[in-house]
Amino acid sequence: GFFMPTWLSADWLAVPGYPRVNEETGEAPQPATAAIYFASPAHPDMLLRLDATALDAAREIHQVAPAPDGPNGPRLLVTASGENFEQRLFRVDAPKSWNDLHADAAAAGKKPQAVVDGLEPWVLSLDAAGLTATALTHEGLVSDMVAARDCSSVVCQVSGLDNGLTNIDR
């Protein structure tokens, strides 16, 4: 299933999700880990997939938000958690445009046989080695990201910080 999609640009959106379980067999495709899926109306039959493990061995992807482009390509912000850390904020830097990453993944991917209903997209794995994930927080729990309409800024909530203000509301 997918959760809370967000537009990264006029042509691409990103959404956290898991591979869909086969309703007839109950089996999930492997690897059945969380991932960020990228979709474009220009390629409705394909999805790009970035596995959660690319973010410091994360197990869960909670939210994705657009960020201003970096020196080499687009950026996004991601909240993710793993066995050894709570919801952290990560910045993911792509080495080139989403369209170029799509072209690379499509050229490297082996197209599967057509599915019976014709409704399932071709899922292409992004090469995580080409992307850089940087943890921006190392403590606290990051949640509730909201991006400005022009992607110039993002706000989020960070709770559970040990900042010495335990009696602030008293």
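Only a predicted model underlies this, so the values are computations on that prediction, with no experimental measurement involved. One-based numbering along the sequence shown.
- Ala133 and Ala54 make their closest contact through CB-O, 3.6 Å (heavy atoms, listed as atom of the first residue, atom of the second, distance).
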Criterion side chain to side chain contact (heavy atoms under 4.5 Å, CB included) on Ile61 and Phe3, from CA distance to verdict:
CA-CA 9 Å; Ile61 301 289; Phe3 314 98; over 6 Å; no
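- Leu55 CG to Glu60 CD: the interatomic distance, rounded to the nearest 0.5 Å, is 12.5 Å.
- Closest approach of Met4 and Pro16 over heavy atoms only: O-CD, 3.8 Å.
- Put simply, CZ on Phe85 and OG1 on Thr137 are 9.0 Å apart, with the number rounded to the nearest 0.5 Å.
- Shortest non-hydrogen contact noted between Leu89 and Leu77 is CD1-CB, 4.1 Å.
- At a threshold of 4.5 Å between non-hydrogen side-chain atoms, the residues Leu124 and Met46 count as touching.
- By the 4.5 Å heavy-atom criterion applied to side chains, Val15 and Ile36 are not counted as neighbours.
- Closest approach of Leu50 to Leu131, counting heavy atoms only: CD1-CD1, 3.5 Å.
- Under the salt bridge (charged side-chain N to carboxylate O under 4.0 Å, His left out) criterion, Asp56 pairs with Arg88, sequence neighbours left out.
- No side-chain heavy atom of Leu76 sits under 4.5 Å from any side-chain heavy atom of Pro66.
- No donor-acceptor contact under 3.5 angstrom links the side chains of Asn99 and Ser97, judged on distance only.
- For residues 75-85, the side-chain hydrogen bond (donor to acceptor under 3.5 Å, both in side chains) pairs, not counting sequence neighbours, are Arg59-Glu83, His62-Ser81, Arg75-Asp93.
- Taking OG1 of Thr134 as the reference point, atom CZ of Arg91 lies at 4.5 Å (rounded to 0.5 Å).
- A parallel orientation is assigned to the rings of His102 and His43, their planes being inclined by less than 30° (bins at 30° and 60°).
- Ala35 and Asp51 make their closest contact through CB-CA, 4.1 Å (heavy atoms, listed as atom of the first residue, atom of the second, distance).
- The distance from the OH atom of Tyr37 to the CG atom of Leu47 is 8.0 Å, given to the nearest 0.5 Å.
- Using modelled atom types and a 3.5 Å distance limit, the side chains of Ser9 and Asp11 yield no donor-acceptor pair.
- Within the 4.5 Å cutoff, no side-chain heavy atoms of Cys156 are placed close to those of Asp144.
- Of all heavy-atom pairs between Ala65 and Ala147, the closest is CB-CB, 4.3 Å.
- No chain of hydrophobic side-chain contacts below 4.5 Å, direct or via other Ile, Leu, Val, Met, Phe, Trp or Tyr residues, connects Val146 to Val154.
- The distance from atom CD of Glu86 to atom OG of Ser159, rounded to the nearest 0.5 Å, is 8.0 Å.
- Using a 4.5 Å cut-off on side-chain heavy atoms (C-beta onward), Phe38 and Trp98 make contact.
- Screening residues 126-143 for salt bridge (Lys or Arg N to Asp or Glu O under 4.0 Å), with sequence neighbours left out, gives no hits.
- At least one side-chain heavy atom of Lys96 sits less than 4.5 Å from a side-chain heavy atom of Leu101.
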